[in-house]
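From a predicted model like this one, the values you see are computed outputs, not experimental measurements.
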Amino acid sequence: MAVAYFLERPSSFDAPPAPVSGATMSVKAEGGTAIPLESTGDGAFSLSSAQSSAFEYASGATYDFEATLGEERYVGRVSEAPQLENVPA
């Protein structure tokens, strides 16, 4: 599962970050195609392989998360993704 947040830091570091509305976000494995994440509200975005067969987690891969707001693009990178964890139900 991919989870990302797009938040804005207020001018005071004493206040928590605030969600940014109107943004879109995608995830892309290095050398792959960008896959849109679903907005779950309050600046959160997520996607699981159950929601999209195009998204498949690979340990050790590099992933770019790209948020777009109007004409602005913001990219965050995860290098060498950790081993996949399986939590029994």
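Under the 4.5 Å side-chain heavy-atom criterion for Ile, Leu, Val, Met, Phe, Trp and Tyr, L84 and L47 are members of the same hydrophobic cluster. Taking hydrophobic clusters as Ile, Leu, Val, Met, Phe, Trp and Tyr residues chained together by side-chain heavy-atom distances below 4.5 Å, V3 does not share a cluster with F55.
Here the CZ atom belonging to F6 is positioned 8.5 Å from the OG1 atom belonging to T68, to the nearest 0.5 angstrom. With rounding to the nearest 0.5 angstrom, the OH atom of Y57 is 13.5 Å from the CE atom of M1. Annotation: the span from S79 atom OG to E30 atom CD amounts to 8.0 Å, rounded to 0.5 Å.
Although no hydrogens or angles enter the test, the distance criterion places a donor-acceptor pair under 3.5 Å between the side chain of Q51 and the main chain of S48. Judged purely by atom type and a 3.5 angstrom limit, T40 uses its side chain to pair as donor or acceptor with the backbone of A44. Although no hydrogens or angles enter the test, the distance criterion places no donor-acceptor pair under 3.5 Å between the side chain of Y74 and the main chain of F65. In terms of modelled atom types and a separation under 3.5 Å, the side chain of S26 and the main chain of I35 share no donor-acceptor contact.
The pair R73-E66 meets the salt-bridge criterion, with a side-chain N (NZ, NE, NH1 or NH2) lying under 4.0 Å from an Asp/Glu carboxylate O. Of the charged side-chain nitrogens involved, at least one lies within less than 4.0 Å of a carboxylate oxygen, so that D64 and R77 count as a salt-bridged pair.
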- request: Could you go through the side chain to side chain contact (heavy atoms under 4.5 Å, CB included) check for L69 and V20 one step at a time?
  value: CA-CA 9 Å; L69 181 64; V20 176; 3.5 Å; yes
- prompt: Are Q83 and S59 close enough, and set up right, to give a side chain to side chain contact (heavy atoms under 4.5 Å, CB included), and what steps lead you there?
  reply: CA-CA 5 Å; Q83 285 293 115; S59 299; 3.5 Å; yes
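R9 places a side-chain heavy atom less than 4.5 Å from the side chain of P17.
Across A67 and M25, no two heavy atoms sit closer than the pair CB-CE, 3.7 Å. Counting all heavy atoms, side chain and backbone alike, P19 lies closest to G43 at CB-N, 3.5 Å.
For F45 and Y5, the gap between ring centers reaches or exceeds 6.0 Å.
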